[in-house]
Enquirer: 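Take a look at the following structure, please.
Every number for a ligand or one of its atoms is a count from 1 in the order of the listing.
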Amino acid sequence: MTTIIQSIEECKLLCRSFLTINKKIGFVPTMGALHQGHETLFKRSVSENDVTIASIFVNPTQFNDPKDLENYPKTFYKDLEILNNNSVEYLFYPEYQDLYPDGYTFRVSKNKFSKILCGSFRPNHFDGVLTVVLKLLNVILPHRAYFGEKNYQQLKLIEQMCKAFFLDVERIACPTIRDYDGLALSSRNILLTMDERKQFIFQNY
Ligand SMILES: Nc1ncnc2c1ncn2[C@@H]1O[C@H](COP(=O)(O)OP(=O)(O)OP(=O)(O)O)[C@@H](O)[C@H]1O
Ligand SMILES: CC(C)(CO)[C@@H](O)C(=O)[O-]
Ligand code: BAL
């Protein structure tokens with residue numbers, strides 16, 4: 001059974017207790033609405049570590065469009081079933097106030113590479129991503145953290161941040177899992193109309 005942890009303090013205590021007995025922690029950060037793409041990250045972490053912790057947190061600071069944040073799919077009970085079925089031991093499920101006691105006055109800011117590609121049409125998106133990932137890594141102190149290659153720019157920026165701040169975590173890049181028609185699996189796909197879906201498949205190739 002996956003155990004849900006909401007408090008930062010409880011999560012820190014638990015993770016540090018694993019470290020003192022030399023247990024390797026694998027961490028898979030997500031925004032929920034889990035699918036088979038996420039499942040490959042869970043499976044890999046479970047097979048490579050003593051304990052796996054997933055997080056679900058729809059991080060408001062990485063959304064530049066309030067409608068996108070409002071419409072982001074939420075499927076908590078199905079997510080819990082997926083975590084259980086994949087033998088993920090812990091779900092870290094914090095609230096905004098817990099993760100941002102400073103009200104986002106402190107942040108990780110990356111110039112240059114965060115401003116191009118995806119970052120050019122989602123202003124400040126990657127500052128929000130990097131800030132929340134740094135917070136989560138500091139709470140959990142995992143040996144390994146798992147990220148999808150689907151979000152390639154995100155993956156590269158997280159790798160650069162870990163190097164810049166001397167974080168010990170090993171970053172594991174996982175291949176993109178696609179749907180029957182070739183479209184990369186994505187939590188937001190359930191919001192697409194058939195026409196939008198066809199257009200995205202076309203853009204994929
Ligand atoms: N199809 C996929 N294959 C492999 N990894 C994936 C896939 N989709 C997402 N991931 C990875 O899972 C992690 C959590 O991603 P997230 O919860 O944002 O889901 P998402 O499907 O990318 O959602 P969105 O609709 O926001 O793009 C990220 O590291 C992401 O790269
Ligand atoms: C890494 C992440 C969990 C940070 O909110 C998010 O950007 C995601 O799910 O890709
Ligand atoms: N998986 C990417 C996170 C985002 O779109 O905000």
Side-chain angles (χ1 to χ4, degrees), residues 26-45 52-76 78-79 82-83 86 88 91-96 98-100 104 107-108 110 114 117-140 142 144-162 167 169-192 196-197 200-201 203-204:
F27 175 45
V28 185
T30 81
M31 301 208 298
L34 302 178
H35 49 68
Q36 286 168 355
H38 296 113
E39 284 191 86
T40 60
L41 275 58
F42 300 144
K43 286 188 201 316
R44 180 112 185 242
S45 174
T52 289
I53 303 182
S55 64
I56 295 181
F57 180 66
V58 183
N59 175 37
T61 66
Q62 70 188 69
F63 285 79
N64 53 304
D65 174 0
K67 277 221 168 67
D68 186 24
L69 175 59
E70 199 182 312
N71 294 335
Y72 199 85
K74 290 172 195 71
T75 56
F76 183 75
K78 185 174 158 245
D79 291 354
I82 290 175
L83 292 167
N86 283 281
V88 172
L91 167 64
F92 182 41
Y93 188 57
E95 299 209 338
Y96 179 81
D98 300 321
L99 269 186
Y100 288 95
Y104 196 43
R107 66 188 68 180
V108 180
K110 169 72 173 86
S114 72
L117 303 172
C118 177
S120 66
F121 57 91
R122 293 185 70 182
N124 304 318
H125 165 65
F126 286 116
D127 286 4
V129 169
L130 294 175
T131 303
V132 81
V133 169
L134 181 62
K135 284 169 185 272
L136 292 168
L137 292 176
N138 278 337
V139 171
I140 292 170
R144 301 189 183 90
Y146 295 78
F147 299 96
E149 287 173 346
K150 188 189 82 179
N151 299 100
Y152 195 70
Q153 191 177 10
Q154 166 175 288
L155 173 66
K156 290 292 138 193
L157 284 164
I158 291 169
E159 284 179 348
Q160 290 171 9
M161 175 183 75
C162 290
L167 304 186
V169 60
E170 189 183 339
R171 288 83 57 194
I172 310 288
C174 302
T176 302
I177 306 300
R178 294 178 183 277
D179 219 335
Y180 66 95
D181 52 7
L183 185 66
L185 291 175
S186 224
S187 302
R188 288 183 182 91
N189 284 358
I190 52 175
L191 303 174
L192 298 177
E196 286 168 333
R197 193 178 167 98
F200 278 116
I201 297 166
Q203 284 170 2
N204 257 231

Enquirer: For atom 12 (O) of ligand 1, grab the closest protein heavy atom and report residue, atom and distance to one decimal in Å.
Expert: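 Protein heavy atom at minimum distance: H38 CD2, 3.4 Å.
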
Enquirer: Check this for me: Q36, atom CD, are more than 12 non-hydrogen atoms of other residues, nucleotides or ligands nearer than 6.0 Å?
Expert: no

Enquirer: Where's the contact between K150 and ligand 3, heavy-atom distance under 4.0 Å: side chain, backbone, both or neither?
Expert: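 K150 to ligand 3: no contact under 4.0 Å from either part.
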
Enquirer: Can you name the atoms of ligand 3, numbered from 1 with element, that are less than 4.0 Å from a heavy atom of R188?
Expert: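 In order of number, 4 (C), 5 (O), 6 (O).
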
Enquirer: Counting each atom of ligand 1 from 1 as listed, which ones have a heavy atom of M31 under 4.0 Å away?
Expert: 17 (O)

Enquirer: Would you kindly specify which portion of E149 sits under 4.0 Å from ligand 1, judged on non-hydrogen atoms: side chain, backbone, both or neither?
Expert: neither

Enquirer: Answer with side chain, backbone, both or neither: which part of T30 has a heavy atom less than 4.0 angstrom from an atom of ligand 2?
Expert: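 Within the 4.0 Å criterion, T30 contacts ligand 2 through backbone atoms alone.
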
Enquirer: Within the structure, does Q154 bring an N/O atom to less than 3.5 angstrom of an N/O atom in ligand 2?
Expert: yes

Enquirer: Identify, by atom number and element, the atoms of ligand 2 in contact range of V132, meaning under 4.0 Å from any of its heavy atoms.
Expert: 4 (C), 5 (O)

Enquirer: Under the side chain to side chain contact (heavy atoms under 4.5 Å, CB included) criterion, do N124 and T61 qualify, and how do the steps go?
Expert: CA-CA 8 Å; N124 304 318; T61 66; over 6 Å; no

Enquirer: Side-chain contact, heavy-atom cut-off 4.5 Å: P29 with F147?
Expert: yes

Enquirer: For atom 2 (C) of ligand 3, what is the closest protein heavy atom, and at what distance to 0.1 Å?
Expert: N151 ND2, 3.3 Å

Enquirer: Roughly how far, to the nearest 0.5 Å, is the CG atom of L99 from the CG atom of L136?
Expert: 5.5 Å

Enquirer: Check each atom of ligand 3 against the heavy atoms of M31 and keep those under 4.0 Å away; list them by number with element.
Expert: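 That gives atoms 3 (C), 4 (C), 6 (O) of ligand 3.
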
Enquirer: Would you indicate which of A145, G37, S186 comes nearest to atom 27 (O) of ligand 1 when only heavy atoms are counted?
Expert: S186

Enquirer: Main chain of G37, side chain of T40: is a donor-acceptor contact present, judged purely on distance under 3.5 Å?
Expert: yes

Enquirer: Looking only at heavy atoms, which two atoms of L134 and L167 are closest? And how far apart?
Expert: CD1-CD1, 3.6 Å

Enquirer: Using a 4.5 Å cut-off on heavy atoms from C-beta on, say whether the side chain of T52 contacts that of Y146.
Expert: no

Enquirer: Could you tell me whether H35 approaches ligand 1 through its side chain, its backbone, both or neither, with non-hydrogen atoms closer than 4.0 Å?
Expert: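 It is the side chain that touches ligand 1; the backbone stays farther off.
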
Enquirer: Could you work out, for atom 20 (P) of ligand 1, the closest of Q154, R178, Q62, K150 by heavy-atom distance?
Expert: K150

Enquirer: Kindly indicate whether the side chain of L34, heavy atoms from C-beta on, has any atom under 4.5 Å from the side chain of T75.
Expert: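 Result no, sub-4.5 Å side-chain heavy-atom pair not found.
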
Enquirer: If we set the cut-off at 4.0 Å for heavy atoms, which region of R188 has an atom near ligand 1: side chain, backbone, both, or neither?
Expert: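 Both backbone and side chain.
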
Enquirer: For ligand 1, find out whether one of its N or O atoms is nearer than 3.5 Å to an N or O atom of T40.
Expert: no

Enquirer: Within this structure, what is the CG-CZ distance for the pair D98 and F92, rounded to the nearest 0.5 Å?
Expert: 7.5 Å

Enquirer: Quick check: does F147 get an N/O under 3.5 Å from an N/O on ligand 1?
Expert: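 Between F147 and ligand 1 (N or O atoms, distance only) the closest approach is not under 3.5 Å.
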
Enquirer: Counting from 1, what ligand 1 atoms have a heavy atom of T176 closer than 4.0 Å?
Expert: 3 (N), 4 (C)

Enquirer: Does the N or O separation between I177 and ligand 1 drop below 3.5 Å for any pair?
Expert: yes

Enquirer: Can you list the residues that meet the side-chain contact (heavy atoms from CB on, under 4.5 Å) rule with N64, with sequence neighbours excluded?
Expert: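 Once residues adjacent in sequence are excluded, the partners of N64 under the side-chain contact (heavy atoms from CB on, under 4.5 Å) criterion are R122, P123.
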
Enquirer: How about L183 and N189: do any of their side-chain heavy atoms sit closer than 4.5 Å?
Expert: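 Of all side-chain heavy-atom pairs linking N189 with L183, at least one is under 4.5 Å.
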
Enquirer: Could you list which atoms of ligand 1 come closer than 4.0 Å to a heavy atom of L185?
Expert: 1 (N), 2 (C), 7 (C), 8 (N)

Enquirer: Pull out every atom of ligand 1 sitting under 4.0 Å from any heavy atom of T30, numbered as shown with elements.
Expert: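 In order of number, 14 (C), 17 (O).
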
Enquirer: Please verify the inter-ring angle class for Y96 with Y100; under 30° counts as parallel, over 60° as perpendicular, anything in between as tilted.
Expert: parallel

Enquirer: Record the part of P175 in heavy-atom contact with ligand 1 below 4.0 Å; permitted values are side chain, backbone, both and neither.
Expert: backbone

Enquirer: Just which atoms of ligand 2 are under 4.0 Å from any heavy atom in P29?
Expert: 3 (C)

Enquirer: Evaluate the side chain to side chain contact (heavy atoms under 4.5 Å, CB included) criterion for residues V28 and H38: first the C-alpha distance (whole Å), next the side-chain angles of each, then the deciding distance (0.1 Å), finally the verdict.
Expert: CA-CA 8 Å; V28 185; H38 296 113; 6.0 Å; no

Enquirer: Nearest to atom 9 (O) of ligand 2, what protein heavy atom do you find, and at what distance?
Expert: M31 CG, 3.6 Å

Enquirer: Tell me which one of H125, M31, E70 satisfies side chain to side chain contact (heavy atoms under 4.5 Å, CB included) with F63.
Expert: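 Answer to the side chain to side chain contact (heavy atoms under 4.5 Å, CB included) test with F63 among H125, M31, E70: M31.
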
Enquirer: Report yes if some N/O of Y72 lies less than 3.5 Å from some N/O of ligand 1; otherwise report no.
Expert: yes

Enquirer: Could you check atom 29 (O) of ligand 1 against the protein and tell me its nearest heavy-atom contact, residue, atom and distance included?
Expert: G148 N, 2.9 Å

Enquirer: NZ/K156 to CD/E149 distance, rounded to the nearest 0.5 angstrom?
Expert: 8.0 Å

Enquirer: Show me which atoms of ligand 3 lie under 4.0 Å from any heavy atom of H125.
Expert: 4 (C), 6 (O)

Enquirer: Quick one: look at L41 and ligand 1, take heavy-atom pairs under 4.0 Å, and tell me if it's side chain, backbone, both or neither.
Expert: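 Looking at L41 and ligand 1, just side chain atoms fall under 4.0 Å.
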
Enquirer: Between V108 and D127, is the side chain to side chain contact (heavy atoms under 4.5 Å, CB included) condition met? List the steps.
Expert: CA-CA 6 Å; V108 180; D127 286 4; over 6 Å; no

Enquirer: Using a 4.0 Å heavy-atom cut-off, say whether R122 meets ligand 3 through its side chain, its backbone, both or neither.
Expert: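 Looking at R122 and ligand 3, just side chain atoms fall under 4.0 Å.
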
Enquirer: Please tell me if the side chains of D181 and R197 come closer than 4.5 Å, counting only heavy atoms from C-beta onward.
Expert: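 Of all side-chain heavy-atom pairs linking R197 with D181, at least one is under 4.5 Å.
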
Enquirer: Which residues pass the side-chain hydrogen bond (donor to acceptor under 3.5 Å, both in side chains) test with D68, sequence neighbours left out?
Expert: R188

Enquirer: How does P29 reach ligand 1, if at all, at less than 4.0 Å between non-hydrogen atoms: by side chain, backbone, both, or neither?
Expert: backbone

Enquirer: So between K135, K150, Q62, whose heavy atom ends up nearest atom 2 (C) of ligand 2?
Expert: Q62

Enquirer: What protein heavy atom sits nearest atom 3 (C) of ligand 3, and how far off is it?
Expert: Q62 NE2, 3.4 Å

Enquirer: Which protein heavy atom lies closest to atom 31 (O) of ligand 1, and at what distance to 0.1 Å?
Expert: N151 OD1, 2.6 Å

